[in-house]
Amino acid sequence: MPLRVDNMLENDPEYRPMSSNTIECNRSRIVELNYQRNQIVQQRIDAFKELQRTWWLVWSKDAATLSEEYHDLLKMGASIFPHLMIAYCDDPYEYYYELLHEIVFGCQMGAYMVHRGQVFAGWCLFFDWFEHARIPKYIPTPTDRYILNGEIVESQDSVQTPGPSTRVELLSPTHEHQ
């Protein structure tokens with residue numbers, strides 16, 4: 001069972017120890033593959049951090065999420081979740097929340113304004129306490145949709161004004177995207 005879980009999380013087939021169904025038969029291969037993978041993940045996180053330090057004057061969500069470094073991490077998938085959470089804890093105001101959201105849901109948050117402290121707290125709660133079936137999914141608000149897309153969403157009062165700027169809900173990853 002542990003090999004199956006490890007293989008499900010790993011996007012790169014080169015890092016999947018599939019020669020047998022038991023840990024006993026794959027012991028040294030698992031250790032070596034995890035060591036190699038940890039080195040690669042750390043190099044990519046360091047490259048993302050360096051990009052931010054280099055471009056700090058013009059650093060933005062778009063600069064971060066359009067960068068090659070961001071997409072290199074994104075391609076690695078869910079297997080790097082713990083590494084990202086460690087980096088996120090070191091710098092909770094960085095754009096790791098976008099990367100985590102995109103890995104889990106397949107899309108960026110779609111937020112114009114983000115209360116980064118609240119979003120960070122939501123990811124920490126998920127990572128530290130909740131089951132993996134429950135994750136903090138961002139639901140774009142009428143303000144987000146209006147500012148980013150020009151979309152006017154009628155509120156329950158039939159007034160066409162944007163609402164509050166950030167809302168994070170704990171939902172199942174199978175929940176329909178809005």
Does [X] have any side-chain hydrogen bond (donor to acceptor under 3.5 Å, both in side chains) partners at least two apart in sequence or in another chain, and if so, which?
X: W59; result: E94
X: Y88; result: none
X: Y96; result: none

Query raised in the report: W55, L73: one ILVMFWY side-chain cluster at the under-4.5 Å cut-off?
Result: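 Both belong to a single hydrophobic cluster.
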Report task. Identify the two heavy atoms, one from A64 and one from F48, that lie closest to each other, and give their separation to 0.1 Å. Result -> O-CE1, 3.9 Å
Requested in this report: Search all heavy atoms of L84 against all heavy atoms of L99 and return the closest pair with its distance.
Outcome: CD2-CD2, 3.6 Å
Just so I know, are the side chains of [X] and [Y] near enough to count as touching, which here means a heavy-atom distance under 4.5 Å?
X: D91; Y: Q52; value: yes
X: I45; Y: I80; value: no
X: M109; Y: E98; value: yes
X: V104; Y: W123; value: yes

**Report entry** Donor-acceptor pair, side chain of H101 and main chain of G106, under 3.5 angstrom
**Finding:**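 Side chain of H101 to backbone of G106: no pair is present.
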Report task. Sort and list the pairs that fulfil side-chain hydrogen bond (donor to acceptor under 3.5 Å, both in side chains) and have at least one residue in residues 40-49, not counting sequence neighbours. Result -> Q42-D46
Query - Sequence neighbours excluded, every pair satisfying salt bridge (Lys or Arg N to Asp or Glu O under 4.0 Å) that has a member inside residues 61-72 - result: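 Non-adjacent pairs meeting salt bridge (Lys or Arg N to Asp or Glu O under 4.0 Å): D72-K75.
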Query raised in the report: In Å, rounded to the nearest 0.5 Å, how long is the span from CG of L66 to OG of S60?
Result: 8.0 Å
Query - CZ-CD1 distance between F81 and I86, expressed to the nearest 0.5 angstrom - result: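 F81 atom CZ to I86 atom CD1 measures 12.0 Å (nearest 0.5 Å).
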**Report entry** Mutual orientation of the aromatic rings belonging to Y97 and Y95 [parallel < 30°, tilted 30-60°, perpendicular > 60°]
**Finding:**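 Answer is tilted, since the angle falls between 30° and 60°.
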Report summary line: Taken in chain and number order and not counting sequence neighbours, the residues that satisfy salt bridge (charged side-chain N to carboxylate O under 4.0 Å, His left out) with E50 are R53
Query raised in the report: Passes side chain to side chain contact (heavy atoms under 4.5 Å, CB included), L100 versus F127? Steps please.
Result: CA-CA 11 Å; L100 293 166; F127 190 74; over 6 Å; no
Report task. Would you kindly say whether Y70 and E102 are connected by a side-chain donor-acceptor distance under 3.5 Å? Result ->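 Yes, side-chain donor-acceptor contact under 3.5 Å.
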